[in-house]
Amino acid sequence: DTAVSQTPKYLVTQMGNDKSIKCEQNLGHDTMYWYKQDSKKFLKIMFSYNNKELIINETVPNRFSPKSPDKAHLNLHINSLELGDSAVYFCASSQRPTGRHNEQFFGPGTRLTVL
Amino acid sequence: QKEVEQNSGPLSVPEGAIASLNCTYSDRVSQSFFWYRQYSGKSPELIMSIYSNGDKEDGRFTAQLNKASQYVSLLIRDSQPSDSATYLCAVEGDSSYKLIFGSGTRLLVRP
C-alpha cells in the first residue's frame, strides 16, 4: 500500500531523448511536488501542483513540463535530455492548502542517468 | 535567496551516545520546520516536525526550535547504527507550499 509511488525507478537514456516519469499518491492529498536531488544530495523544488493547478514553477528549463491529469497524479516530461539532467527525481505530496502545516511525503524516487 | 544551512559532516558518534544535528535558516518569518532522514539510495522520510519555540519529543528524537536565533536542532538519544543516514532540515519558504531543504548532515553511528 505505497502512499506515493513513482515509475520507473531507474531510467537510463541517451542525450537528446524525451522521457516521462509518472507519480501517483493515494493519501488523498491536494498538492503534489517534483524535486530534483543532484549528486551532492541537494534537494530542490521544481514544481508544485494543487488540485491540477500549477502553483510553484522554480527556475527550471522549459524542457521540463509537468502535467497533472487529476489531483492524485503528477507526471514529469523531459524533452531533449542533457547530461546535466542526470539526478534522482522525487515526487512528494502534502495536504496543503487544507492541512495546517506543509508536511510532505516522498515517493521512492526515479534515478535518471543520461549518457 | 532564502537559505537553510547544515554542517555536511560526517558526524560520528558511538552507539548509545546522543547525536546533535543543527540547522540555521535565513527567513525570519518561517513558521514550520521539519527533519527528514534519508538512507543511502532511499527517499527522504519525515521524522519530526516542529512549529513553536521549545522542545518536541518523539521517542528517541527531540526537535528544538529557537526562532529568535533562527536555528532548529535534532537530538537523537541512545544512537543506534541504524540511525546512520543523512538528516535533512527543511523550512517552510516564502510560499506556504514550498519547503527549502538544507544540504543535509551525514550521521555515522559507530557500533
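In what follows, chains are A, B, ... by sequence order, proteins preceding strands, each numbered from 1. In what follows, every heavy atom counts, from backbone to side chain, and hydrogens, waters and symmetry copies are set aside. This structure is a prediction, so every number in the text was calculated from the model and none was measured.
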Checking heavy atoms, do the side chain of S94(A), its backbone, both or neither come under 4.5 Å from chain B? neither

Portion of Y97(B) that has a non-hydrogen atom of chain A nearer than 4.5 angstrom: both

Kindly check if the number of other-residue, nucleotide or ligand heavy atoms within 6.0 Å of NZ (K67(A)) is above 12? no

Connected via hydrophobic side-chain network under 4.5 Å: Y89(A) and L54(A): yes

Residues of residues 36-50 of chain B with any heavy atom under 4.5 Å of a heavy atom in chain A: Y36(B), Q38(B), K42(B), S43(B), P44(B), L46(B), S49(B)

Applying side-chain hydrogen bond (donor to acceptor under 3.5 Å, both in side chains), name anything that partners D78(B), two or more places apart in sequence or on another chain. Q80(B)

Do F90(A) and I55(A) sit in one hydrophobic cluster, given that two such residues count as connected whenever their side-chain heavy atoms are within less than 4.5 Å of each other, even indirectly? yes

So, for F42(A) and F101(B), which heavy atoms are closest and what is the spacing to 0.1 Å? CE1-O, 3.4 Å

Got a sec: does the NZ of K22(A) have more than 12 other heavy atoms crowding it under 6.0 Å? no

Taking a hydrophobic cluster as the set of Ile, Leu, Val, Met, Phe, Trp and Tyr residues connected by side-chain heavy atoms closer than 4.5 Å, whether directly or through intermediates, do W34(A) and L11(A) fall within one such cluster? yes

Of all heavy-atom pairs linking K98(B) and I56(A), the shortest is CB-CD1, 3.8 Å

CD on Q37(A) to OG on S103(B), rounded to 0.5 Å: 10.5 Å

Got a list of side-chain donor-acceptor pairs under 3.5 Å for residues 7-14 of chain B, not counting sequence neighbours?
| unit_1 | atom_1 | unit_2 | atom_2 | d |
| --- | --- | --- | --- | --- |
| N7(B) | OD1 | G9(B) | N | 2.9 |
| S12(B) | OG | R110(B) | NH1 | 2.6 |

Residue set satisfying ring pair (Phe, Tyr, Trp, His ring centres under 6.0 Å) with F33(B), at least two apart, ordered chain then number -> Y25(B)

L99(B) vs I45(A) side-chain heavy atoms within contact, under 4.5 Å: no

In terms of hydrophobic clustering (I, L, V, M, F, W, Y; side-chain heavy atoms under 4.5 Å; direct or indirect links), are M32(A) and M46(A) co-clustered? yes

